[in-house]
Amino acid sequence: MLDDLIEPRSGARHVPVDAQRVDLILIGARGKVGAAFRQLLARQQLALLAEVNLDLRLLAAFDRRGFAFDAIGLAPGSLEGAMYARAGADVERLIEFVATRAGVPTIAVDCTASDEIADLYPQLFDKGIGVVAANKRANARTLAFYHGLQRSAREHGVPYRYETTVGSAIPLLGPLRDLRLRGERVESLQGVLSGSLSYILHRMHEGCPFSAAVVEARDLGYTEPDVMEDLRAIDLSRKLLVLAREAGFSMEVDDMRVELLGDLQIDVDDVVPALQLLDDGWRIRVEAALARGERWVAVAEATPDAARIGLHSLPAHSPFAQLAPGQNLIEIRTELQDRMPLRVSGPGAGVEITAAGVLSDAVSAAMHWPSRH
């Protein structure tokens, strides 16, 4: 139980007395992204201490089933042995412990896709805990909730970073926000934002059946835990909504129109047999596009007034049609950069690249803690 672990155990690693200590609470610790994040943190802890005098410690980690805590810091690379069965009040006790402890900034790192965890953000901010999120769900709720989170983080002097919610580790949201803050009005956004759909469509153009391409994308960690969120463009809709809001568009979910992959009403645990029924139809569509010198692309678009997601059969020489599997490309048009739009591209899916982006956010948040300025 958490109560039994409040006192630090022996064996703390030596750190310089002037090192800036920042503690992390990892949520989704044994999921794919969470596990990759832990391994990356384990490799980088000493480098961060040596290079920027940052003592980044894993104070606690939990998921639906397990919980771990150590006031001197858990070993990120060997967490399994420290996990015990999570009790109902462990998370609340942890939050209260952090809130009553003075002097050590703490960041919750959300590597889940959970609405339940997104519900915690206001409470975390209220207790002085920052948030780094790979979870899209909080920022893809109502516009009022989105603005409320931004305001709460500012008022409580804690960081709130979520670069990996769109484009994985591509530096996209920060530069887009900078454009807006310098007074440069964003007029439109267009791009390939789904690494999973990009991969699936690429493999289909190579002759892979639709159902097999989906399984490959899932096994590579490109999809959400529920692949239907990718195929129904639910995950892509969240990304576009977050992107549009960061551009300054007052966008609600109801402002978005989705026309993608047809009617996929599949509500069974094993979706593969149902997807196999669609293989022949997709083979015909893909072959017809290739015969025209075109390729199918899932394109997301937004202006200040509306947003749309749809499948387009584009000429093979289009920048969007030439993307490598899993790659994202976003075009940003502003009042100053219209004829030659800004283009940002890079890998948009994958466990390792997402974990790297989350760690980058965590390091940046730790080094620029708002309340210290």
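Computed from a prediction, not measured in an experiment: that's the story for all the values here. Values below: every heavy atom of this structure, side chains too, minus hydrogens, waters and symmetry copies.
In summary, Glu252 and Arg245 engage in a salt bridge, as defined by a charged side-chain N under 4.0 Å from a carboxylate O. Under 4.0 Å is where a charged nitrogen must lie from a carboxylate oxygen, and between Arg57 and Asp55 at least one such pair does. Taking a cutoff of 4.0 Å between a charged side-chain nitrogen and a carboxylate oxygen, Arg137 and Glu229 qualify as a salt bridge. Looking at Arg285 and Glu287, no side-chain N of the basic residue comes within less than 4.0 Å of a carboxylate O on the acidic one, giving no salt bridge. We find that Arg203 and Glu206 are joined by a salt bridge, their nearest charged nitrogen and carboxylate oxygen being less than 4.0 Å apart. Using a cut-off of 4.0 Å between Lys/Arg side-chain N and Asp/Glu carboxylate O, Arg101 and Asp23 are scored as salt-bridged.
Contact record, Ile353 with Ser168: CG2-OG, 3.2 Å, taken as the closest heavy-atom pair. Nearest heavy-atom pair, Met204 versus Val286, reported as atom, atom and distance to 0.1 Å: O-CG1, 3.6 Å.
Under the 30°/60° scheme for interplanar angles, the aromatic rings of Phe67 and Phe62 are found to lie parallel.
For Arg64, the salt bridge (charged side-chain N to carboxylate O under 4.0 Å, His left out) criterion is met by Glu116, not counting sequence neighbours.
If you check the side chains of Thr354 and Thr164, you find no donor sitting under 3.5 Å from an acceptor. Side-chain contact of Arg292 with Ser313: a donor-acceptor pair under 3.5 Å is present, judged by distance alone.
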> What's the verdict on salt bridge (Lys or Arg N to Asp or Glu O under 4.0 Å) for Asp235 and Lys239, showing C-alpha distance, side-chain angles and the deciding distance?
Replying inline: CA-CA 6 Å; Asp235 183 64; Lys239 292 179 181 179; 3.6 Å; yes
> salt bridge (Lys or Arg N to Asp or Glu O under 4.0 Å) between Asp63 and Arg86: does it pass, once the steps are laid out?
Replying inline: CA-CA 8 Å; Asp63 52 29; Arg86 176 179 158 185; over 6 Å; no
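Interatomic distance, OG1 of Thr223 versus CD of Glu216, reported as 12.0 Å (0.5 Å rounding).
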